[in-house]
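Not measured: the values here are computed from a predicted model. Proteins come first, then strands; the chains are lettered A, B, ... in the order of their sequence lines, and each starts at number 1.
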There are 2 protein chains.
Amino acid sequence: MDSPKPKMGKRAYQLFFSTLANETRLTLINILRQKPLNVTQICEVANLEQSLVSHHLKMLEHHGMVFKKKEGKFRYYTVNEKTIKPLLESIDAHMKEYCCKILAGKR
Amino acid sequence: MDSPKPKMGKRAYQLFFSTLANETRLTLINILRQKPLNVTQICEVANLEQSLVSHHLKMLEHHGMVFKKKEGKFRYYTVNEKTIKPLLESIDAHMKEYCCKILAGKR
DNA sequence: TAAATATATGAAACTTATTTCATATGAAAA
DNA sequence: TTTTCATATGAAATAAGTTTCATATATTTA
């Protein structure tokens, strides 16, 4: 007996996807996938303003997609590999088939 | 040698996530997960206005997440199980750990 | 302890997405 | 062949999300 109904509320999914549905946040995630960095470093690498980066990191952290570690006056952020890796793999698989079609219409 | 860099452009991911980052579209996907339905039927089940549903189905189809099949004057929509199933599984796994935290702050 | 550095945050300005409404198109039924 | 039913679509109205700016807080260094 397989249940086609979702186990979590729609709202939870919606928040999850919304968190990733933003180019700035995806940039941050990809930067952090290489290695942990503090806010200032992230700003440099991403070439983005500090307050913008902080706002987005906060959201990512709040949704469990990155972790924050205090170190003196610095805050080091790391990506939640456990979530992000399999997720991006699922999506890559989908993209392989539909990416062109998707990107064609937009911009 | 494992590449931590993504294979697809950020933009593609962003579009992918945006497509799912909407409660109405998630509703439609969940309805279609049970079985294919035409637009009128979807409207009834979801209790949503026809034009709203059509707008969203169009986007879902455009992004390869549902398929459309003509049948007389009806248009039957089916969910792309191949994409949606593993995707939602990844997310459920993440949710199991972070859902409470996430939902606590919002609403 | 005053100045400097790192990060966070609230709110306004701005941008993008969603919904609604009116109407168009296309197929089938009368 | 007109009417009805099913679906689609453009555009205005509305809502939600993002960025910026000014400033607050916290930690170190001088």
(message) If you take the centroid of each ring, where Trp contributes its six-membered ring, are B:His63 and B:Phe16 closer together than 6.0 Å?
(response) no
Please tabulate, one pair per line, each protein N/O and nucleotide N/O from nucleotides 10-16 of chain D that are separated by under 3.5 Å, including the distance.
unit_1: D:dG10; atom_1: O6; unit_2: B:His55; atom_2: NE2; d: 2.7

(request) Could you state the atom-to-atom distance from CE of A:Met59 to P of D:dG17 in whole Å? (result) 9 Å
(request) Output yes when A:Glu71 and A:Lys69 qualify as a salt bridge under the 4.0 Å nitrogen-oxygen rule, no when they do not. (result) yes
(request) Measure from CD on B:Glu49 to P on C:dT23 and round the result to the nearest Å. (result) 14 Å
(message) Quick check against the 3.5 Å criterion: does B:Arg33 have a side-chain atom that pairs as donor or acceptor with the backbone of B:Leu28?
(response) no
Check the interface with nucleotides 23-27 of chain D: list each N/O to N/O pair with the protein under 3.5 Å, or write none.
unit_1: D:dT27; atom_1: OP1; unit_2: A:Lys70; atom_2: NZ; d: 3.0

(message) Using OP1 and OP2 only, check whether a side-chain N or O of A:Tyr77 sits under 4.0 Å from C:dA8.
(response) yes
(request) Report yes if at least one side-chain N or O of B:His56 is closer than 4.0 Å to OP1 or OP2 of C:dA17; otherwise report no. (result) no
(request) Calculate the interatomic distance between B:Leu48 atom CG and C:dT20 atom P; express it in whole Å. (result) 8 Å
(request) Could I get the full list of side chain to side chain contact (heavy atoms under 4.5 Å, CB included) partners for B:Lys58, not counting sequence neighbours? (result) none
(message) Among B:Asn30, B:Asn22, B:Leu26, exactly one meets side chain to side chain contact (heavy atoms under 4.5 Å, CB included) together with A:Tyr13. Which residue is that?
(response) B:Leu26
(request) Keeping the roles fixed (side chain from B:Gln41, backbone from B:Asn38), state whether a donor-acceptor pair exists under 3.5 Å. (result) yes
(message) I'd like to know if the side chain of A:Thr27 pairs up with that of A:Glu23 as donor and acceptor (distance under 3.5 Å, no hydrogens or angles considered).
(response) no
(request) Let me know the distance between CG of B:Leu15 and P of C:dT16, rounded to the nearest Å. (result) 13 Å
(message) Whole angstroms only, please: what is the CG-P distance between A:Leu26 and D:dG17?
(response) 16 Å
(message) In this structure, how many angstroms lie between the C1' atom of D:dG17 and the CD atom of B:Glu23, rounded?
(response) 15 Å
(request) Under 4.0 Å between any heavy atoms, over every strand shown, what does A:Thr24 touch: base, sugar-phosphate, or nothing? Just pick one. (result) sugar-phosphate
(message) One pair to check against side-chain contact (heavy atoms from CB on, under 4.5 Å): B:Ile29 and B:Ile84. What are the steps and the verdict?
(response) CA-CA 9 Å; B:Ile29 284 175; B:Ile84 295 302; 4.1 Å; yes
(request) Report yes if a side-chain nitrogen or oxygen of A:Asn38 is closer than 4.0 Å to either non-bridging phosphate oxygen (OP1 or OP2) of C:dT7; otherwise report no. (result) yes
(request) Whole angstrom is fine here: how far is it from CD in B:Glu61 over to C1' in D:dA8? (result) 12 Å
(request) Please check if the side chain of B:Glu97 supplies one atom and the backbone of B:His94 the other of a donor-acceptor pair under 3.5 Å. (result) no
(message) OP1 or OP2 of C:dT18 versus the side-chain N and O atoms of B:Asn22: is any pair under 4.0 Å?
(response) yes
(message) Please say yes or no: joined through hydrophobic side-chain contacts below 4.5 Å, possibly via intermediate residues, are A:Phe74 and A:Leu37 part of one cluster?
(response) no
(request) Go through D:dT7, D:dT20, C:dA8 for me and flag the one nearest to the A:Leu52 side chain. (result) D:dT20
(message) Whole angstroms only, please: what is the CG-C1' distance between B:Leu60 and C:dA17?
(response) 14 Å
(message) On the nucleotide D:dC5, are OP1 or OP2 found under 4.0 Å from the side-chain N or O atoms that B:Thr40 carries?
(response) no
